[in-house]
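Below, each value reflects all heavy atoms present in this structure, side chains not excepted, and no hydrogens, waters or symmetry copies. Residue numbers begin at 1 in each chain, while the letters A, B, ... track the order of the sequences. Computed from a predicted structure; not experimentally measured.
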Amino acid sequence: MKLSNALSNTKNDILLNPNAGTFSYVLHRLTGLALAGYIFAHIIVLSAVLSGPESFTQRLALVQTGIFHYLEIGLIAVIFIHMLNGLRITVADFANLTRLHKTLLWLSILIFCAIMAVTFYVFLF
Amino acid sequence: MENNTSTAEKADIPQEKTIAPTLNWFTQRITGVFLAGFLFAHVVVLHFLKNGEINFDRVFQRIHNSPLWFAFYLAFIIMGIYHGLNGVWSVIIDYNPSESARKGLLALLWFFGIAAAIMGLFVLNGLIFTQINPKL
Amino acid sequence: MTTFNVFRYDPAIDKCPKMETFDVKNERGMTVLEGLFYILENLDPTLCFRSSCRAAICGSCAMHINGQYRLACRTQIEHLKSDTVTVRPIAHSEIIKDLVVDMTNFFANLEKIKPYIINEGPFPEREFLQSEGERKGLDHLIDCILCGCCYGACPSAGTDEDYLGPHALMKTLRFINDPRDKGGKERLAFVSSENGVFRCHTVFNCQEVCPKDLDPSSAIARLKMKAVWNTLKNLVS
Ligand code: SF4
Ligand code: SF4
Ligand code: FES
């Protein structure tokens with residue numbers, strides 16, 4: 001299948017199947033790609049340690065102030081969306097709980113909300 | 001689309017051809033479960049309990065010369081990179097790249113993976129086994 | 001009155017598909033399929049769609065109706081709770097005309113998994129015997145009417161026509177679980193290849209849409225686990 005066809009099929013499938021599973025599939029892919037990119041960014045930021053403790057401290061100070069501080073909330077959200085959904089599909093496959101996938105989804109949403117509440121508390125107060 | 005494919009020929013897949021897809025999928029789940037634990041610990045320690053800015057001193061005091069933290073981060077880095085790139089690979093093969101594109105992309109992912117792993121190990125070494133004592 | 005938005009496309013004439021609107025006199029208990037017949041008989045004799053049994057048995061009338069793949073003959077307009085009914089053909093297959101799609105690939109994928117008993121050794125003197133209990137255990141895998149709802153809803157089938165699809169994978173488990181079948185190993189190897197079970201990203205759309213309330217995603221989950229243990233065992237030994 002041509003790439004353009006496959007991509008337009010993906011788009012149509014998302015629009016034509018507005019199910020819980022489709023949303024988590026899309027979110028899982030997007031957050032996954034974002035996190036894969038983030039690993040590299042993270043290593044590059046921390047590589048400041050190779051030029052000594054001072055530059056490490058300086059670099060870390062830079063990424064902990066201003067807008068970066070608030071972006072970290074987004075990062076934590078992305079991490080936990082991917083983690084909880086990943087655990088959900090793993091459990092569904094391994095323990096054959098496919099019929100419970102919606103319950104599992106609500107459970108992960110609940111846990112996600114709890115974690116985000118803690119995150120907002122820690123970051124904003 | 002082919003019509004009238006002979007089922008007898010089509011259905012026989014050599015055993016070797018099944019190993020990569022199966023292991024890619026399985027290791028993705030296993031590393032995923034480990035990473036969930038690692039990442040949770042990482043986020044709790046570095047974001048929820050951080051209480052002020054993170055700097056070299058604090059990281060150094062926490063993990064200096066600790067083989068346990070070294071093992072933790074070693075596994076974390078390797079599994080994180082593997083899980084990330086294996087995930088990207090599964091998205092790539094979903095869109096049926098041609099045989100040459102597939103080879104090229106796979107080589108690219110390996111290159112990035114190994115480069116990131118080496119870089120990560122250097123960083124880890126710098127943070128855990130470095131001899132500079134920041135107190136002096 | 002119910003407004004029908006119907007997908008229209010004749011590849012021989014039209015440059016691109018369009019949605020056409022029809023007003024259908026809606027009676028209590030009327031199904032979407034009857035609505036389409038109303039259009040065919042009273043409003044536009046050129047409308048094309050498939051149907052046969054009108055009793056959710058043949059699987060001909062699967063289409064996308066108001067946000068989900070369903071059987072038109074089994075969906076009452078009333079139950080959609082909407083003034084408009086939007087009807088589209090099944091995705092991932094070429095459109096022949098309007099709501100009729102080319103299902104060649106869907107059935108070719110089913111053929112690939114050898115949907116028949118593979119025998120070893122001599123044939124039994126009379127038929128292959130199967131106990132009632134053995135048959136009961138296959139019920140939830142056997143009831144598939146091959147309507148194509150799951151195939152249309154599966155995002156993995158959308159990116160790769162060689163992905164076997166939920167229907168064919170569920171059929172594979174039906175034969176692996178059948179005590180009369182001796183092709184288990186070969187079947188497992190076949191579905192663990194790149195276009196098999198591991199293309200499934202556990203989206204559950206197949207379970208969501210199946211008009212027979214089957215669960216292909218569960219069959220696929222079981223196949224995945226079997227495939228993993230099989231491969232690990234082969235690697236160790
Ligand atoms: S599994 Fe269900 S949705 Fe899929 S073809 Fe069979 S009956 Fe239709
Ligand atoms: S669970 Fe798997 S087979 Fe079913 S629709 Fe989703 S990707 Fe397709
Ligand atoms: S017409 Fe046979 S299933 Fe709808």
Inset, instruction - Under 4.5 Å, counting heavy-atom pairs only, tell me which of A:Arg59, A:His82, A:Glu72 racks up the most with chain B. - result: A:Glu72
Legend entry - Stepwise side-chain contact (heavy atoms from CB on, under 4.5 Å) check, A:Leu46 with A:His42: CA-CA 6 Å; A:Leu46 293 189; A:His42 198 43; 4.0 Å; yes
So which residue, [options], ends up with the most heavy-atom pairs under 4.5 Å with chain A?
options                             : value
B:Leu35, B:Val88, B:Val33, B:Val43  : B:Val43
B:Asn55, B:Asn96, B:Ile77, B:Val123 : B:Val123
B:Asn125, B:Val91, B:Leu85          : B:Val91

Inset, instruction - Kindly compute the distance separating CG (A:Leu87) from CZ (B:Arg29), expressed to the nearest 0.5 Å. - result: 11.0 Å
Legend entry - Reported CG-to-OG1 distance for the pair A:Asn85 and A:Thr90, which is rounded to 0.5 angstrom: 9.0 Å
Heavy-atom proximity to chain A below 4.5 Å, by part of [X]:
X       : result
B:Phe26 : side chain
B:Leu49 : neither
B:Asp94 : side chain

Inset, instruction - Could you please spell out the steps behind the ring pair (Phe, Tyr, Trp, His ring centres under 6.0 Å) verdict for B:Phe38 and B:Phe72? - result: CA-CA 8 Å; B:Phe38 292 161; B:Phe72 174 90; 5.1 Å; yes
Quick check on [X] against chain B: is it the side chain, the backbone, both or neither that has a heavy atom closer than 4.5 Å?
X       : answer
A:Leu75 : neither
A:Met83 : side chain
A:Asn5  : neither

Legend entry - Between B:His64 and B:Phe60, ring centroids under 6.0 Å: yes
Inset, instruction - Taking the side chain as every heavy atom from C-beta outward, state whether B:Phe56 and A:Gln58 have any atom pair closer than 4.5 Å. - result: no
